[in-house]
Asks: 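Could you have a look at this structure, given as structure tokens, before my questions?
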There are 2 protein chains.
Amino acid sequence: MQLAAHPHQPDYSPRQNDVLDSALRLLVDGGEKALTTAGVARAANCSKESLYKWFGDRDGLLSAMIGFQASKVRTFDDTAETLTAETLQEHLVLFARDLLEVLAGDVSLALNRLAIGQASRDGSKLGSMLQERGRRQIGKRAGALLEAGRYAGLLVFEDRDDAYDTLYGLIVSDLHLRMLLGEDSGRMAKDFGRRAEKAVSAFLRLYGSEKSSA
Amino acid sequence: MQLAAHPHQPDYSPRQNDVLDSALRLLVDGGEKALTTAGVARAANCSKESLYKWFGDRDGLLSAMIGFQASKVRTFDDTAETLTAETLQEHLVLFARDLLEVLAGDVSLALNRLAIGQASRDGSKLGSMLQERGRRQIGKRAGALLEAGRYAGLLVFEDRDDAYDTLYGLIVSDLHLRMLLGEDSGRMAKDFGRRAEKAVSAFLRLYGSEKSSA
DNA sequence: GGCGAACCGTACCGTACGGTACTGTTATTG
DNA sequence: CAATAACAGTACCGTACGGTACGGTTCGCC
């Protein structure tokens, strides 16, 4: 496994982005086994030689796919409006729903499966890369929200990471793993709204100030 | 993928159990890629022909490995003593620590990675098998504990599965996934005790009756 | 027009793996 | 002791895949 020498978003050409798109679709449809270099070349109407020229290696292709996908789902920063108990709850529920929907996405599931499959061998660069660009990014959004809630006197906590960890667990529990194991994610997607509300409700019971439970 | 025709624990011979043990060790050490039929045969000092005679198929071998491992970590039932606030809390913390240690186990991680890798193709029988024999089993223990707590008036909840889902999320959060992605599990193992206590504390704040917060 | 770079399509190579067949060896049974 | 079954060890086969090389085509540039 050899990641790109320049870790700072290599920013591929449009043509190469199209290829990465095809590769991702291939991965989603057929799993890692279907992601052969010949298959990618055929699906993207490019030559294997170009694949190796652009990405150097099959592992380089995988890394590029992860980076490419991560760059597409950039987390948007929440508006820094002044929070009330209601808006904080709304923002938290919105965050929870977004999180669940991202985790349940076809591409997200496929990439996580891919990275987990590679985690045993080599230094598992893919895993840390997914972790870094995936959860860490979305975690920033949650962290900002939590800090804003604390600043407004609506939340009480000492360690922000602990609070976020709790929030994450309440929202996701083992749902992500179950989906990764193949449990039908489409069937349970309809409950995301309800699940998000329950998780946020519990979180506010744990970390909300008296002021927030008006 | 073809599971055994008789799903009720085929119960292999001692010799075959030894082979499955070798295969598990091989899987733990080298990941799925290292789990070749020739490798298993070499590690277990048996012939490939015997492997195919006993397990029929590579997938049959994988299923057998999961069933074999699941049969080894059977969940023990908790003593049905009368619960007090203190003993309930102790039992919950014990459960949490056991859960974390099981999830962080080498073999558990390797098998989960294996099942997740297979989840994309075929009907993902391995995934549901792991789910059934893994979480469902340990969930029974938690369910009994929760029911006992409710019976003793220490816990208040309507849906036991919801309560267990919350407890699970508080204990594990995304720790399991991070370990599956390759984050060093040994380094974080020392925090399991503290993590278990915090999770149970939060759970009791959510679901404990006034009687329990004495 | 001529030239070179980029690139597609394909053929090709080496290897690794799943699965099968064969041979020799041990051990059990009548 | 003879016969049979089980099994280890190994050789073998077909295939699939990662990676490379090469001919042909398009496109931009002088």
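In what follows, chains carry the letters A, B, and so on, assigned in the order in which the sequence lines appear, proteins first and then strands, with residues in each chain numbered from 1.
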Asks: Check the distance between dA6(C)'s P and Trp54(A)'s CH2 and give it to me in whole angstrom.
Replies: 12 Å
Asks: Taking the basic N atoms (NZ, or NE/NH1/NH2) and the acidic carboxylate oxygens, is any pair closer than 4.0 Å for Glu147(B) and Arg150(B)?
Replies: yes
Asks: I would like to know whether Phe55(B) and Met65(B) meet side chain to side chain contact (heavy atoms under 4.5 Å, CB included); could you show each step before the answer?
Replies: CA-CA 10 Å; Phe55(B) 307 107; Met65(B) 287 166 66; over 6 Å; no
Asks: Nearest whole angstrom, please: distance from the C1' of dC17(C) to the CG of Asp57(B).
Replies: 14 Å
Asks: Using whole Å, what does the distance between atom C1' of nucleotide dC7(C) and atom OH of Tyr52(A) come to?
Replies: 17 Å
Asks: With the side chain of Arg15(A) defined as its heavy atoms from C-beta on, choose the nearest nucleotide among dC8(C), dG19(D), dG19(C).
Replies: dC8(C)
Asks: Can you see which heavy atom on Tyr12(B) is nearest to which on Ala64(B), and at what distance?
Replies: OH-CB, 3.4 Å
Asks: At less than 4.0 Å, is any side-chain N or O atom of Ser50(A) found next to OP1 or OP2 of dA6(C)? Yes or no.
Replies: no
Asks: Nearest of dG18(C), dA21(C), dG19(D) to any side-chain atom of Glu49(B)?
Replies: dA21(C)
Asks: Distance check needed: dA21(D) C1' versus Leu51(A) CG, whole Å only.
Replies: 16 Å
Asks: Given dC22(C), dG9(C), dG19(D), identify the nucleotide with an atom nearest to the side chain of Arg58(A).
Replies: dG19(D)
Asks: Are Asp21(A) and Phe68(A) close enough, and set up right, to give a side chain to side chain contact (heavy atoms under 4.5 Å, CB included), and what steps lead you there?
Replies: CA-CA 9 Å; Asp21(A) 243 332; Phe68(A) 173 65; 4.0 Å; yes
Asks: Please give me every residue in residues 36-48 of chain A whose heavy atoms get under 4.0 Å of an atom in DNA chain C, ordered by residue number.
Replies: Asn45(A), Cys46(A), Ser47(A)
Asks: Quickly work out the Leu35(A) CG to dA16(D) P distance and round it to whole Å.
Replies: 17 Å
Asks: Roughly, in whole Å, what's the span from NZ in Lys33(A) to P in dC17(D)?
Replies: 8 Å
Asks: Measuring from atom CD of Glu32(A) to atom CD of Gln118(B), what distance do you get when rounded to the nearest 0.5 angstrom?
Replies: 10.5 Å
Asks: Once you round it to whole Å, what is the distance between C1' of dT20(D) and CZ of Phe55(A)?
Replies: 18 Å
Asks: Would Leu177(B) and Val172(B) satisfy side chain to side chain contact (heavy atoms under 4.5 Å, CB included), going step by step from the backbone distance to the final call?
Replies: CA-CA 9 Å; Leu177(B) 188 68; Val172(B) 179; over 6 Å; no
Asks: Taking 4.0 angstrom as the limit, do Asp165(A) and Arg195(B) come out as a salt bridge?
Replies: yes
